Amino acid sequence: GETRDASPERAVQDILLRLWRSALVRRRRDLMSASARASEAERARLAERTHEMTMQIKTLQGGWEEALPILEMGDPG
């Protein structure tokens with residue numbers, strides 16, 4: 001029935017969201033670390049990118065439908 005079909009789909013969606021979130025968190029941490037060593041101009045650019053990643057992470061937490069536009073963009077970082 002429909003419940004059995006939805007369950008594996010939901011499991012895959014949850015796994016994908018977790019993988020994407022992990023990749024974004026890791027990349028954001030790398031950018032924050034790079035920011036500590038960067039010039040002032042570069043720090044501003046890195047801060048903007050870090051903020052974008054934070055917003056994407058929050059969007060991913062909203063579930064599959066909310067996350068879909070981010071997932072369709074491709075590379076998580």
Side-chain angles (χ1 to χ4, degrees):
E2 188 175 322
T3 304
R4 257 190 300 161
D5 294 342
S7 183
E9 180 179 338
R10 175 64 186 234
V12 169
Q13 290 172 351
D14 288 347
I15 290 168
L16 288 173
L17 290 175
R18 280 197 303 270
L19 290 171
W20 269 75
R21 184 179 183 284
S22 293
L24 285 170
V25 167
R26 185 174 51 252
R27 180 69 179 131
R28 182 180 62 178
R29 187 176 50 242
D30 291 348
L31 290 176
M32 292 169 80
S33 177
S35 180
R37 301 182 304 275
S39 67
E40 188 173 334
E42 183 67 4
R43 273 196 304 271
R45 188 188 70 77
L46 292 171
E48 182 178 322
R49 185 65 184 123
T50 299
H51 176 73
E52 290 171 9
M53 288 186 164
T54 298
M55 298 309 293
Q56 289 176 344
I57 290 165
K58 287 181 180 184
T59 300
L60 290 177
Q61 292 171 338
W64 185 255
E65 290 301 319
E66 281 188 43
L68 206 48
I70 292 172
L71 300 175
E72 290 174 341
M73 287 191 311
D75 184 17

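Model, not experiment: these values are computed from the prediction.
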Membership question, hydrophobic clusters at under 4.5 Å side-chain separation (ILVMFWY): are M73 and L16 in the same one? yes

Mind checking what makes side chain to side chain donor-acceptor pair (under 3.5 Å) contact with R28, not counting sequence neighbours? T54

Find the distance between OG1 (T50) and CG (D30) and round it off to the nearest 0.5 Å. 10.0 Å

Using side-chain contact (heavy atoms from CB on, under 4.5 Å), reason through I57 and Q61 one step at a time and then give a plain yes or no. CA-CA 6 Å; I57 290 165; Q61 292 171 338; 4.2 Å; yes

Quick one: side chains of residues 34-44, donor-acceptor pairs under 3.5 Å with protein atoms, not counting sequence neighbours, listed by atom name and distance.
| residue | atom | partner | partner atom | Å |
| --- | --- | --- | --- | --- |
| R37 | NH1 | S33 | O | 3.1 |
| R37 | NH1 | S33 | OG | 3.2 |
| S39 | OG | E42 | N | 3.2 |
| E42 | OE1 | R45 | NE | 3.4 |
| E42 | OE2 | R45 | NE | 3.4 |
| E42 | OE2 | R45 | NH2 | 2.7 |
| R43 | NH1 | A38 | O | 2.7 |

Are L68 and W20 co-members of a hydrophobic cluster defined by side-chain heavy atoms under 4.5 Å apart? yes

All side chain to side chain donor-acceptor pair (under 3.5 Å) counterparts of D14, not counting sequence neighbours: R10

Any residue meeting side chain to side chain donor-acceptor pair (under 3.5 Å) with Q13, in chain and number order, not counting sequence neighbours: E9

Of the non-hydrogen atoms in G63 and L17, which two are nearest, and what is the gap between them? C-CD1, 4.0 Å

State yes or no: do L60 and V12 share one hydrophobic cluster built from I, L, V, M, F, W and Y residues joined by side-chain heavy-atom distances below 4.5 Å, directly or via other members? yes

Roughly how far apart are H51 NE2 and Q56 CD, rounded to 0.5 Å? 10.5 Å

Apart from I15 itself, what residues make up its hydrophobic cluster, given side-chain heavy atom links below 4.5 Å? L19

E52: partners by side chain to side chain donor-acceptor pair (under 3.5 Å), with sequence neighbours left out: R49

